[in-house]
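Residue numbers begin at 1 in each chain, while the letters A, B, ... track the order of the sequences. Computed over heavy atoms, backbone and side chain alike; hydrogens, waters and symmetry mates excluded. Computed from a prediction, not measured in an experiment: that's the story for all the values here.
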Amino acid sequence: MKSVEKYDLIYSVVMSIPGGTVATYGQVAAIAGLPGRARQVGHALRCLPDDSGVPWHRVVNAKGEISRRGSPGSEFEQRALLEEEGIVFNKRNRLPLEQFQWER
DNA sequence: GCAGTGACTAGTA
DNA sequence: ATACTAGCCACTG
């Protein structure tokens, strides 16, 4: 269960993201104490259920885009969720990483 | 314990 | 600006 502890930290960081703000895997990883382990963050969110209370949709990659593991369509739903948070999307379904000034 | 894979990033073409 | 490649690190089989 040690692995769960590490994931818990990541979840905590993600849940610490205020509404209307998004963060990249690298950003979350760095804050979670895993600099350069952005992939690990992805794995953590990957095992994360949709009803875990973690706004995984606020975590995007360096391109400002999110993809749910080969399941297109979830992206569309995600966009709606983020828009509801007050986040504005760019033309290409990409997020303006300028809102990363969250800093835990 | 080794090999393969991956919700990534940065650099290069 | 977009597309591809290489690198890095952790987890799964």
Under 3.5 Å, which protein N or O atoms sit close to an N or O of nucleotides 10-13 of chain B? Give each pair with its distance.
none

Kindly give the atom pairs (protein nitrogen or oxygen, nucleotide nitrogen or oxygen) under 3.5 Å for nucleotides 2-5 of chain B.
none

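One interatomic measurement links the two molecules: CG of A:Leu34 to C1' of C:dC9, which rounds to 10 Å at whole-angstrom precision. For the pair A:Leu48 CG and B:dG6 P, the computed distance is 20 Å after rounding to whole Å. Distance A:Glu65 CD to C:dT2 P: 11 Å, rounded to the nearest Å. A:Lys63 has its NZ atom 11 Å from the P atom of C:dC4, to the nearest Å. Computed from coordinates, the A:Tyr11 OH to B:dA7 P distance equals 14 Å when rounded to whole Å. B:dT9 atom P lies 11 Å from atom CD1 of A:Ile66, rounded to whole Å. Separating the CD atom of A:Gln40 from the P atom of B:dG6 is a distance of 15 Å, rounded to the nearest angstrom. Spacing between atom CG of A:Asn61 and atom P of C:dA3 amounts to 14 Å, rounded to whole angstrom units.
Checked against side chain to side chain contact (heavy atoms under 4.5 Å, CB included), A:Pro49 has the following partners two or more places apart in sequence or in another chain: A:Asp51, A:Ser52. Evaluation of the side chain to side chain donor-acceptor pair (under 3.5 Å) rule for A:Glu85 yields A:Arg58 as partners, not counting sequence neighbours. Listed by chain and number, the residues in a salt bridge (Lys or Arg N to Asp or Glu O under 4.0 Å) with A:Glu83 amount to none (sequence neighbours excluded). Remark: A:Ala29 pairs with A:Leu34, A:Val41 by the side chain to side chain contact (heavy atoms under 4.5 Å, CB included) rule, at least two apart or across chains.
Atom-to-atom distance recorded for A:His57:NE2 and A:Ile66:CD1 is 8.5 Å, nearest 0.5 angstrom.
For the pairing with A:Ile31, the side chain to side chain contact (heavy atoms under 4.5 Å, CB included) check across A:Leu9, A:Val14, A:Val13 returns one residue only, A:Val13.
Nearest nucleotide to the A:Arg94 side chain, out of B:dT9, B:dA7, C:dT2: C:dT2. Picking from C:dA10, B:dT9, B:dA7 the nucleotide with the shortest atom distance to the side chain of A:Arg37 gives C:dA10.
Take the nearest nucleotide of DNA chain C for A:Pro35 and for A:Cys47: the residue whose nucleotide is more 5' is A:Pro35.
Put simply, the side chain of A:Glu65 does not reach to within 4.5 Å of the side chain of A:Val60, judged on heavy atoms. In this structure, A:Val59 and A:Val54 have side chains that are not in contact, with every pair of non-hydrogen atoms separated by 4.5 Å or more.
A:Gly36 comes within 4.0 angstrom of nothing in the nucleic acid, heavy atoms only.
With 3.5 Å as the limit, one finds a donor-acceptor pair spanning the side chains of A:Tyr7 and A:Gln40.
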